[in-house]
Amino acid sequence: MNILFREVDPFDLWIWLQFDNTPSSMEQQYVEEVFRSWYYLGKLSGFNGENLQVTEAGADLSYLDYDSEMAARALMAPMHNLGDFEYYDDWGRCWLDLGTSDAIALDILINALGQLSREYVRIETLIIGGQNEDWPVEPSQHSLFSDSQLQ
(Lines give C-alpha, C1' and ligand atoms only; values in the text may rest on other atoms or scores of the structure.)
Protein backbone atom coordinates (compact mmCIF):
# COMPACT_ATOMS: atom_id res chain seq x y z
CA MET A 1 0.00 0.00 0.00
CA ASN A 2 1.46 3.30 -1.12
CA ILE A 3 0.91 6.06 1.48
CA LEU A 4 0.89 9.72 0.47
CA PHE A 5 0.40 12.80 2.61
CA ARG A 6 -0.89 15.99 1.06
CA GLU A 7 -2.00 19.20 2.76
CA VAL A 8 -3.39 18.12 6.14
CA ASP A 9 -6.01 20.27 7.85
CA PRO A 10 -7.04 18.23 10.91
CA PHE A 11 -10.41 20.00 11.05
CA ASP A 12 -11.24 19.44 7.37
CA LEU A 13 -9.48 16.26 6.30
CA TRP A 14 -10.20 14.00 3.37
CA ILE A 15 -8.79 10.48 3.34
CA TRP A 16 -8.69 8.74 -0.03
CA LEU A 17 -8.30 5.03 -0.79
CA GLN A 18 -7.55 3.66 -4.23
CA PHE A 19 -8.33 -0.03 -4.54
CA ASP A 20 -6.93 -2.45 -7.09
CA ASN A 21 -10.48 -2.67 -8.53
CA THR A 22 -13.98 -1.51 -7.65
CA PRO A 23 -14.63 -2.88 -4.14
CA SER A 24 -17.53 -5.28 -3.60
CA SER A 25 -20.20 -4.46 -1.03
CA MET A 26 -18.50 -6.84 1.45
CA GLU A 27 -15.13 -5.14 0.89
CA GLN A 28 -16.78 -1.74 1.36
CA GLN A 29 -18.23 -2.98 4.65
CA TYR A 30 -14.76 -4.04 5.87
CA VAL A 31 -13.31 -0.62 5.05
CA GLU A 32 -16.18 1.27 6.65
CA GLU A 33 -15.98 -0.81 9.84
CA VAL A 34 -12.29 0.05 10.19
CA PHE A 35 -13.07 3.76 9.86
CA ARG A 36 -16.06 3.64 12.22
CA SER A 37 -14.16 1.67 14.86
CA TRP A 38 -11.21 4.03 14.59
CA TYR A 39 -13.52 7.05 14.81
CA TYR A 40 -15.35 5.76 17.91
CA LEU A 41 -12.01 5.34 19.69
CA GLY A 42 -11.10 8.87 18.63
CA LYS A 43 -14.46 10.27 19.73
CA LEU A 44 -13.72 8.87 23.20
CA SER A 45 -10.28 10.59 23.29
CA GLY A 46 -8.48 7.31 22.67
CA PHE A 47 -5.73 9.02 20.65
CA ASN A 48 -4.55 11.33 23.40
CA GLY A 49 -0.78 11.80 23.29
CA GLU A 50 -0.86 13.46 26.70
CA ASN A 51 -1.60 10.10 28.32
CA LEU A 52 0.54 7.34 26.80
CA GLN A 53 1.75 5.82 30.05
CA VAL A 54 1.85 2.24 28.78
CA THR A 55 3.76 3.15 25.63
CA GLU A 56 6.21 5.28 27.57
CA ALA A 57 6.82 2.47 30.09
CA GLY A 58 8.69 0.41 27.50
CA ALA A 59 8.71 -3.33 26.93
CA ASP A 60 8.33 -4.57 30.51
CA LEU A 61 4.76 -3.85 31.55
CA SER A 62 4.63 -6.27 34.47
CA TYR A 63 3.39 -4.52 37.59
CA LEU A 64 3.16 -1.17 35.80
CA ASP A 65 2.28 1.57 38.28
CA TYR A 66 -0.44 3.25 36.21
CA ASP A 67 -1.23 6.76 37.40
CA SER A 68 -5.02 7.12 37.14
CA GLU A 69 -4.93 10.63 38.57
CA MET A 70 -2.53 11.78 35.87
CA ALA A 71 -4.79 10.18 33.26
CA ALA A 72 -7.78 12.04 34.70
CA ARG A 73 -5.87 15.36 34.53
CA ALA A 74 -5.03 14.93 30.83
CA LEU A 75 -7.00 17.25 28.59
CA MET A 76 -9.61 15.60 26.39
CA ALA A 77 -8.53 14.99 22.81
CA PRO A 78 -11.65 13.84 20.95
CA MET A 79 -12.29 13.54 17.24
CA HIS A 80 -15.27 15.67 16.28
CA ASN A 81 -16.93 14.30 13.16
CA LEU A 82 -16.84 11.56 10.53
CA GLY A 83 -18.63 11.86 7.20
CA ASP A 84 -20.18 9.03 5.22
CA PHE A 85 -17.81 6.88 3.20
CA GLU A 86 -18.25 7.40 -0.55
CA TYR A 87 -17.15 5.31 -3.55
CA TYR A 88 -16.47 6.14 -7.18
CA ASP A 89 -15.02 3.44 -9.45
CA ASP A 90 -11.85 2.18 -7.74
CA TRP A 91 -11.75 5.08 -5.24
CA GLY A 92 -13.19 5.49 -1.77
CA ARG A 93 -13.09 8.61 0.37
CA CYS A 94 -14.09 9.82 3.76
CA TRP A 95 -14.14 13.28 5.31
CA LEU A 96 -13.43 13.87 8.98
CA ASP A 97 -12.67 16.43 11.61
CA LEU A 98 -9.86 15.05 13.77
CA GLY A 99 -10.67 17.61 16.44
CA THR A 100 -7.96 17.68 19.07
CA SER A 101 -6.93 14.05 18.74
CA ASP A 102 -3.19 13.57 18.31
CA ALA A 103 -1.27 12.41 15.23
CA ILE A 104 -0.97 8.91 16.70
CA ALA A 105 -4.53 8.46 15.41
CA LEU A 106 -3.27 8.55 11.82
CA ASP A 107 -0.49 6.06 12.60
CA ILE A 108 -3.06 3.65 14.02
CA LEU A 109 -5.36 4.08 11.00
CA ILE A 110 -2.45 3.48 8.60
CA ASN A 111 -1.46 0.32 10.50
CA ALA A 112 -5.03 -1.00 10.46
CA LEU A 113 -5.57 -0.24 6.76
CA GLY A 114 -2.22 -1.84 5.93
CA GLN A 115 -3.30 -5.09 7.56
CA LEU A 116 -6.76 -4.87 5.99
CA SER A 117 -5.08 -4.47 2.60
CA ARG A 118 -2.86 -7.51 3.14
CA GLU A 119 -5.68 -9.78 4.26
CA TYR A 120 -9.06 -8.65 2.92
CA VAL A 121 -9.28 -5.68 0.55
CA ARG A 122 -6.33 -4.74 -1.66
CA ILE A 123 -5.67 -1.01 -1.21
CA GLU A 124 -3.20 0.33 -3.76
CA THR A 125 -2.88 3.87 -2.42
CA LEU A 126 -3.86 5.71 0.76
CA ILE A 127 -3.88 9.51 0.48
CA ILE A 128 -4.21 11.57 3.62
CA GLY A 129 -5.29 15.16 3.08
CA GLY A 130 -5.49 17.40 0.07
CA GLN A 131 -7.58 16.91 -3.00
CA ASN A 132 -7.82 14.09 -5.51
CA GLU A 133 -7.67 15.12 -9.17
CA ASP A 134 -9.56 11.95 -10.12
CA TRP A 135 -12.51 12.89 -7.87
CA PRO A 136 -12.90 16.58 -6.97
CA VAL A 137 -14.60 17.75 -3.78
CA GLU A 138 -17.06 20.61 -3.78
CA PRO A 139 -15.45 23.46 -1.76
CA SER A 140 -18.26 23.65 0.80
CA GLN A 141 -19.17 19.96 0.85
CA HIS A 142 -18.09 19.49 4.47
CA SER A 143 -16.55 22.77 5.56
CA LEU A 144 -18.09 24.72 8.43
CA PHE A 145 -18.64 27.79 6.23
CA SER A 146 -19.73 27.89 2.64
CA ASP A 147 -17.95 30.23 0.24
CA SER A 148 -20.92 32.62 0.33
CA GLN A 149 -20.66 32.95 4.13
CA LEU A 150 -17.00 33.93 3.88
CA GLN A 151 -17.62 36.87 1.53
Side-chain angles (χ1 to χ4, degrees), residues 1-19 23 25 27-58 61 64-88 90-121 123-151:
M1 181 171 76
N2 188 25
I3 300 163
L4 304 172
F5 277 80
R6 295 197 176 139
E7 182 180 342
V8 174
D9 176 351
F11 303 107
D12 186 16
L13 181 68
W14 283 94
I15 296 180
W16 310 85
L17 302 172
Q18 185 176 30
F19 304 96
S25 61
E27 290 171 327
Q28 290 177 8
Q29 185 177 350
Y30 286 146
V31 169
E32 291 170 30
E33 284 300 315
V34 167
F35 273 84
R36 276 194 294 272
S37 299
W38 174 72
Y39 171 71
Y40 292 141
L41 289 173
K43 186 86 172 151
L44 295 169
S45 292
F47 307 118
N48 187 345
E50 191 174 337
N51 185 36
L52 296 175
Q53 295 179 57
V54 177
T55 298
E56 291 169 356
L61 301 176
L64 173 67
D65 187 19
Y66 193 88
D67 187 345
S68 296
E69 289 180 20
M70 190 206 73
R73 286 190 309 268
L75 295 175
M76 288 180 44
M79 284 187 186
H80 293 174
N81 204 352
L82 174 72
D84 292 329
F85 216 90
E86 303 172 89
Y87 298 92
Y88 175 71
D90 61 342
W91 285 100
R93 71 181 181 190
C94 186
W95 173 88
L96 60 131
D97 177 346
L98 288 175
T100 56
S101 62
D102 289 304
I104 191 172
L106 293 174
D107 282 319
I108 291 168
L109 179 64
I110 291 167
N111 291 341
L113 291 173
Q115 192 63 32
L116 181 74
S117 179
R118 286 186 287 279
E119 294 192 25
Y120 299 102
V121 183
I123 301 169
E124 295 292 326
T125 305
L126 168 63
I127 302 172
I128 297 174
Q131 295 292 318
N132 183 343
E133 300 79 32
D134 293 338
W135 190 8
V137 174
E138 297 296 322
S140 63
Q141 190 165 345
H142 283 284
S143 63
L144 293 175
F145 304 102
S146 68
D147 289 341
S148 63
Q149 290 173 311
L150 296 174
Q151 296 176 357

Chi angles and distances behind the side-chain contact (heavy atoms from CB on, under 4.5 Å) call for Met76, Thr100: CA-CA 8 Å; Met76 288 180 44; Thr100 56; 5.8 Å; no
Check against side-chain contact (heavy atoms from CB on, under 4.5 Å), Val137 and Trp14: CA-CA 9 Å; Val137 174; Trp14 283 94; 3.4 Å; yes
Evaluation steps, side-chain contact (heavy atoms from CB on, under 4.5 Å), between Leu4 and Thr125: CA-CA 8 Å; Leu4 304 172; Thr125 305; 4.0 Å; yes
Val34 vs Val31, side-chain contact (heavy atoms from CB on, under 4.5 Å): CA-CA, chis, key distance, verdict: CA-CA 5 Å; Val34 167; Val31 169; 5.9 Å; no
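Here CG of Asn51 is found 9.0 Å from OG of Ser68. Values are rounded to the nearest 0.5 Å. Between atom CG of residue Leu126 and atom CG of residue Asn2 there is a gap of 9.0 Å, rounded to the nearest 0.5 Å. The structure places CD1 of Ile3 at 4.0 Å from CE of Met1, a figure rounded to the nearest 0.5 Å. Note that OG of Ser101 and CG of Asn48 are 9.0 Å apart. Values are rounded to the nearest 0.5 Å. Atom CG of Asn111 is separated from atom CG of Leu116 by 12.5 Å, given to the nearest 0.5 angstrom. Note that CG of Leu113 is 10.5 Å distant from CG of Leu106, once rounded to the nearest 0.5 Å.
Legend: residues meeting side chain to side chain donor-acceptor pair (under 3.5 Å) with Glu33, ordered by chain and number and at least two apart, are Arg36.
What you find for Ala105 and Trp38 is that their closest heavy atoms are O-NE1, 2.8 Å. The shortest non-hydrogen separation linking Ala77 to Ser45 is N-OG, 3.0 Å. Gln28 approaches Pro23 most closely through the heavy-atom pair NE2-O, 3.4 Å.
Contact check for Leu13 versus Trp95: no side-chain heavy atoms found under the 4.5 Å cut-off. Looking only at side-chain heavy atoms (C-beta outward), Leu96 and Tyr39 stay at 4.5 Å or farther from each other. Proximity of Gln18 to Ile123: side-chain heavy atoms (C-beta onward) are nowhere separated by under 4.5 Å. Side-chain contact between Leu41 and Phe47 is present, with at least one heavy-atom pair separated by less than 4.5 Å. Contact annotation: the side chain of Phe85 approaches that of Leu17 to within less than 4.5 Å [non-hydrogen atoms, C-beta and beyond]. Put simply, the side chain of Glu86 does not reach to within 4.5 Å of the side chain of Trp91, judged on heavy atoms. Two residues are said to be in side-chain contact when any heavy atoms from C-beta on lie closer than 4.5 Å; Ile104 and Leu52 meet this criterion. Arg6 has its side chain within reach of Ile127: a pair of non-hydrogen atoms, C-beta onward, lies under 4.5 Å apart.
Residue Glu119 qualifies as enclosed at atom CD: its count of foreign heavy atoms under 6.0 Å is above 12. Other residues, nucleotides and ligands place more than 12 heavy atoms under 6.0 Å from the CD1 atom of Ile108.
Looking at Tyr87 and Glu27, their side chains never bring a donor and an acceptor atom within 3.5 Å of each other.
The salt bridge (charged side-chain N to carboxylate O under 4.0 Å, His left out) analysis of residues 41-57, with sequence neighbours excluded, yields no pairs.
At least one cation-pi condition fails for Arg93 and Trp16: the charged atom is not both under 6.0 angstrom from the six-membered ring centre and inside a 45 degree cone around its axis.
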